Amino acid sequence: MSVDLSAQQVTRMKKLQKKIRSEVGKAISDYNMVEEGDRIMCCLSGGKDSYAMLDILLDLQQRAPIKFEIVAVNLDQKQPGFPEHVLPAYLDSLGVAYHILEKDTYSIVRDKIPEGQKTCSLCSRLRRGTLYGFAQKIGATKIALGHHRDDIIETLFLNMFFAGKQKAMPPKLLSDDGANMVIRPLAYAREKDIAEYAELKGFPIIPCNLCGSQENLKRASVKEMLNQWDVEHPGRIESIFTAMQNTSPSQGVDREQFDFISLTRDANAPLKGEVAESDLPAFDFVDVSNNGHIDLDAASKAKRVNPEHKIDIVSTYTP
């Protein structure tokens, strides 16, 4: 910690650490993120999320009943003004194994993307390719990224609103080539908790706007919407995330996820319902040969009084 904290702040920091550690532990358990003998490459950007992820994983490493390695990796993309000394100094203070990869993707992006256009997509692809390749070089079995619950939900709405897709960031992902496994240990943690924890811990945050690209207005808009919901409707964000964990393809409209074409009914299946069988209408006692109103209560009563006699309770309907 680089800041002096009051006793109350220390208590708050410990409470947040315990909460986030519990959420990370549950996410790891629910999705089998970490296994015996894993070598986990923790990708550090210098932002609050990746600092918190490394901090919590190092803490869990000391407590976990299994053994796993942690290697911190930062990609220095040679953005102007990037403070190269900050991360090495911090990681040296922790005594954790680390590598700083230097690759001038900044110049590549500037060369390929016209001035004024968003650079995030190409920059992300270049960064991902470099990190994936290095993970194989060092024998990493898992690549840990610092995306949290809010990132996952924001991505869901971004894809729904602007791409017409219902997808987000999975807590665990196998790369397309099958060579790398990506995990997001902070998948259950809220950004507001991480931000407060990072401030109390005094992480040496590196600004994320060094590339000079304009802010992602779409994501900022979605974030603002979700933050407003969080204030006006407490619990809604949690409910949204829970809904993402309880999908039902047969209740949706995606033909790729559920075979609606081949769906057929079983004409011989017995009648089943969510109510007791005795409360179901006595349709077998009803004469439906004429038009009109059908008193189902009367039909059920007649069945109980005289179960062997078929009752005609269909009255003639006059428009």
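None of these values were measured; they are calculated from a predicted model.
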- Once the angle between the rings of Phe258 and Phe260 is folded into 0 to 90°, is it parallel (under 30°), tilted (30 to 60°) or perpendicular (over 60°)? perpendicular
- Task: Spell out, yes or no, whether Val182 and Val34 are grouped together once hydrophobic residues are joined by side-chain heavy atoms under 4.5 Å, including indirect joins.
- Result: no
- Quick one: does NZ or CZ of Lys218 land under 6.0 Å from the six-membered ring centre of Phe162, within 45 degrees of the ring axis? yes
- Query: Side-chain heavy atoms under 4.5 angstrom apart, residues restricted to Ile, Leu, Val, Met, Phe, Trp, Tyr: same cluster for Ile66 and Met33?
  - Reply: yes
- Item | Polar side-chain atom of Ser50 near backbone of Ser45 as donor-acceptor pair, under 3.5 Å | yes
- Message: Same cluster or not: Tyr51 versus Val73, using hydrophobic residues (I, L, V, M, F, W, Y) connected whenever any side-chain heavy atoms lie under 4.5 Å apart?
- Response: no
- Query: Just by distance, do the side chain of Thr242 and the backbone of Glu238 share a donor-acceptor pair under 3.5 Å?
  - Reply: yes
- Query: So, the side chain of Asn159 versus the backbone of Leu156: is there a donor-acceptor pair under 3.5 Å, distance only?
  - Reply: no
- If you look at every heavy atom in Tyr188 and Gln245, which pair is closest and at what distance? OH-NE2, 3.1 Å
- Query: Any side-chain heavy atom of Ile20 within less than 4.5 Å of one from Arg190?
  - Reply: no
- Query: Is there side-chain contact between Met41 and Ile138, with at least one heavy-atom pair below 4.5 Å?
  - Reply: yes
- Item | Ser29 side-chain N/O to Gly25 backbone N/O, donor-acceptor pair under 3.5 Å | no
- Query: Looking only at atom types and distance, does a side-chain atom of Lys142 sit under 3.5 Å from a main-chain N or O of Asp38, one as donor and one as acceptor?
  - Reply: no
- Look at the side chain of Ser93 and the backbone N and O of Tyr90, then say whether any donor-acceptor pair between them is shorter than 3.5 Å. yes
- Message: Check whether Tyr98 reaches the backbone of Val71 with its side chain - one donor and one acceptor, N or O, closer than 3.5 Å.
- Response: no
- Query: Which value, rounded to the nearest 0.5 Å, describes the distance between Asp151 atom CG and Leu186 atom CG?
  - Reply: 9.0 Å
- Query: Can you tell me if His233 uses its side chain to pair, donor with acceptor, with the backbone of Arg236 under 3.5 Å?
  - Reply: no
- Task: Please say whether more than 12 non-hydrogen atoms of neighbouring residues, nucleotides or ligands are located less than 6.0 Å from CD in Gln166.
- Result: no
- Item | Between NZ on residue Lys172 and CD1 on residue Ile28, distance to nearest 0.5 Å | 11.0 Å
- Message: Return the CE to CG distance between Met53 and Leu58, rounded to the nearest 0.5 Å.
- Response: 10.0 Å
- Can you check side-chain hydrogen bond (donor to acceptor under 3.5 Å, both in side chains) on Tyr132 and Asp177, steps first, answer last? CA-CA 11 Å; Tyr132 277 15; Asp177 59 9; over 6 Å; no
- Message: Between the side chains of Lys192 and Glu196, is the shortest nitrogen-to-carboxylate-oxygen separation below 4.0 Å, so that they form an ion pair?
- Response: no
- Which heavy-atom pair separates Pro170 from Arg184 by the least distance, and what is that distance? O-NH1, 2.7 Å
- Is there a side-chain contact between Leu91 and Leu44 (heavy atoms, below 4.5 Å)? yes
- Sidechain-backbone polar pair: Thr155 side chain, Ala168 backbone, donor-acceptor under 3.5 Å: no
- Message: Using every non-hydrogen atom in the two residues, find where Asp150 and Ala189 come nearest and quote the distance to one decimal.
- Response: OD1-O, 4.2 Å
- Query: Asp254 versus Pro249: any side-chain heavy-atom pair under 4.5 Å?
  - Reply: no
- Query: Would you call Glu191 and Lys223 a salt bridge, taking side-chain N to carboxylate O under 4.0 Å as the test?
  - Reply: yes
- Query: Is there side-chain contact between Asn74 and Leu101, with at least one heavy-atom pair below 4.5 Å?
  - Reply: no
- Query: Side-chain contact, heavy-atom cut-off 4.5 Å: Glu154 with Leu226?
  - Reply: yes
- Item | 4.5 Å side-chain heavy-atom contact, Ile70 and Phe68 | yes
- Message: Does Arg149 qualify as a cation-pi partner of Phe241, given the criterion of NZ or CZ under 6.0 Å from the six-membered ring centre and within 45 degrees of its axis?
- Response: yes
- Report whether Ile40 and Met169 are members of the same hydrophobic cluster (ILVMFWY, side-chain heavy atoms less than 4.5 Å apart, transitive linking). yes
- Query: Would you find a donor on one side and an acceptor on the other, under 3.5 Å apart, between the side chain of Asn180 and the backbone of Ser175?
  - Reply: no
- Linked, directly or transitively: Val96 and Ile183 (ILVMFWY side chains, under 4.5 Å): yes
- Check whether any side-chain heavy atom of Arg12 lies under 4.5 Å from a side-chain heavy atom of Leu200, and answer yes or no. yes
- Under a 4.0 Å N-O cut-off, is there an ion pair linking Asp59 with Arg21? yes
- Could you please spell out the steps behind the side-chain hydrogen bond (donor to acceptor under 3.5 Å, both in side chains) verdict for Gln228 and Glu224? CA-CA 6 Å; Gln228 185 174 352; Glu224 182 180 0; over 6 Å; no
- Query: What distance do Leu131 atom CG and Cys43 atom SG have between them, rounded to the nearest 0.5 Å?
  - Reply: 4.5 Å
- Query: Does a salt bridge link Lys103 with Asp76, judged by any charged N lying under 4.0 Å from a carboxylate O?
  - Reply: no
